[in-house]
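Worksheet: one structure, shown below.
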Amino acid sequence: MADYDYDVLVIGAGPGGYVAAIRAAQLGLKTACAEGRETLGGTCLNVGCIPSKAMLHASEYYEAAAGGAMAAMGIKVKPELDLPTMQGQRKDAVKGLTGGIEFLFKKNKIDWLKGYAQFTSADTVEVAGKAVRAKNIIIATGSSVTPLPGVEVDNDKQIIVDSTGALELAKVPEHMVVIGGGVIGLELGSVWRRLGAKVTCVEFLDQILPGMDGDVRKEANKIFKKQGVEFKLKTKVTKAEVKGKKAVLTLEPAAGGDAETLEADVVLVSIGRRPNTDGLALDKAGLTVNARGQIETDHDFRTTVPGIWAIGDVVPGPMLAHKAEDEGIACAENIAGQTGIVNHDVIPSVVYTMPEIAGVGLTEEQAKERGEVKVGKFPMMANSRAKTNHEPDGFVKVIADAKTDRVLGVWVIASVAGTMIAQAAQAMEFGATSEDIAYTCHAHPTHSEAIKEAAMAVTGKPIHI
Ligand code: FAD
Ligand code: NAD
């Protein structure tokens, strides 16, 4: 250690990096974390998970009041939108949580090196003009918005924006066009639709939410349509021009054909994210990236260069905060000589719309490619709590191996699907069968009883349908 400044230097203080730094410090390693942003917490806390959920939560209340859901329960209100206050509580949430990470860094004696790090060799980086040498370096630089050629984002103008700009809008657009029917498009599209915007979603593929279970994608599309979102599937945007206070988009069928134009007050570009490696000078460390721009690692999060590790959005796998966090913990434990493991087969994903959409494990399509499966489905309409709460949309689907009954995947569309999916992930982590779930006592009346009933349906014996 004599000639090293640190045992561990983490580059990037997002959920991957800050968690890795805290675990490394907890394990007695001298730790620093380089972060160029003014606040810690990365994309997730500053411009991602947290501020988007703050706006989703507030807009959900607004819609419940304005759209009649409360009136159905005997509560008559005429809400008035105070957007600056709604935006204010979003900023407060971010401030509180990013400040919380700063507190945790101090508590764990982690040095925050303020600035962007750049490799000068395999064990040294330069941050804010200062060379820092570390025995282990963890790259946790995350990701940023994938640009769309011909559609130039300018968040300041508030006409063509990315997710960061879409969180900051100063007024509710009359017409918002969302490019990309993925997680960001549907979540942020939902926020502004609830607050009064007409939302059109342009998706290149033949269905929204690629990567999710086929039934779930179809049902989600139906639900969003019912909520008023207009979809243009199998369509691509090839150009966007700002004319005065509007944007004029050129749309073409994905397979080619006649172009059409579409006018919007705000255009949200949400076609995916790409890993952040520009500016790291990876070549000075002897590192390369793969065809998708990601840094490859082995199962322990080691890169091809000894002493350099990588985690989170910058490595392959789903771009999710909890995946980054778990990798951060495992990576720090491996550096400390422990056995840190992440089971990449059991990583839940959640879309925080209303209803929420969640899944873990294989889709039915993927499971069928591997062998014979049994599937149990249970509609939320038949779940007493969902029905009583006026939340009838959605279903639970349990996919099990036909021979062993082992659960391979669980998919949920329900108002609280994001909370429900944790039980499925835990069951799968313990290697549960559908019978194990079916014979687990679930509290009544809860939405989670639908998971039990779907598990019972795998062998054909649900009670309430
Ligand atoms: P990041 O959080 O991107 O953090 C990387 C950090 O590294 C950044 O702060 C960056 O400034 C810093 N950095 C980059 N280069 C350098 C350098 N050279 N030197 C120093 N610092 C550097 N995921 C979920 O699981 N749930 C959600 O609800 C969710 N909602 C989202 C909503 C939106 C709008 C967006 C955009 C994303 C959302 N995500 C969500 C995804 C989630 O934010 C990411 O998966 C997660 O933040 C990745 O963590 P990370 O630590 O790998 O990287
Ligand atoms: P995404 O990959 O979820 O969706 C992008 C969509 O855009 C896809 O459906 C894709 O087919 C479509 N698309 C691509 N090019 C297009 C084009 N030219 N025209 C029209 N459609 C096009 O990406 P995202 O929504 O930008 O989100 C980025 C990442 O952030 C995701 O990987 C996600 O994991 C993460 N995120 C997660 C959450 C969550 O967990 N709740 C929320 C927000 C973001």
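Only heavy atoms go into these numbers, but all of them, side chains included; no hydrogens, no water, no symmetry mates. Positions are given from 1 along the sequence.
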In sequence, state the C-alpha distance, the side-chain angles, and the governing distance for V191 and L56, and then conclude on side chain to side chain contact (heavy atoms under 4.5 Å, CB included). CA-CA 5 Å; V191 165; L56 278 157; 3.7 Å; yes
Given V396, which of K377, E453, M380 fulfils the side chain to side chain contact (heavy atoms under 4.5 Å, CB included) condition? M380
For M86, does the CE atom sit with more than 12 other heavy atoms under 6.0 Å from it, leaving out its own atoms? yes
Do NZ/NE/NH1/NH2 and the carboxylate oxygens of E219 and K222 come within less than 4.0 Å? yes
Over 12 foreign heavy atoms within 6.0 Å of CD, E435: no
One pair to check against side chain to side chain contact (heavy atoms under 4.5 Å, CB included): I138 and N136. What are the steps and the verdict? CA-CA 7 Å; I138 304 176; N136 295 279; 5.6 Å; no
Heavy-atom side-chain proximity of I139 to L282 below 4.5 angstrom: yes
Validation row: V342, K323 side chains within 4.5 angstrom (heavy atoms): no
Short question: side chain of S143, backbone of P275 - any donor-acceptor pair under 3.5 Å? no
Whether the T39 and N46 side chains hold a donor-acceptor pair (N or O, under 3.5 Å, no angle test) is what I'd like checked. yes
Only counting residues at least two apart or in another chain, list the ones meeting side chain to side chain donor-acceptor pair (under 3.5 Å) with E296. N290
Can you tell if the side chain of N343 reaches within under 4.5 Å of the side chain of M428, non-hydrogen atoms only? no
Note: R23-E333 ion pair, threshold 4.0 Å (strictly below): yes
Hey, what's the ring geometry for F224 with F231, parallel, tilted or perpendicular (30° and 60° as the breaks)? tilted
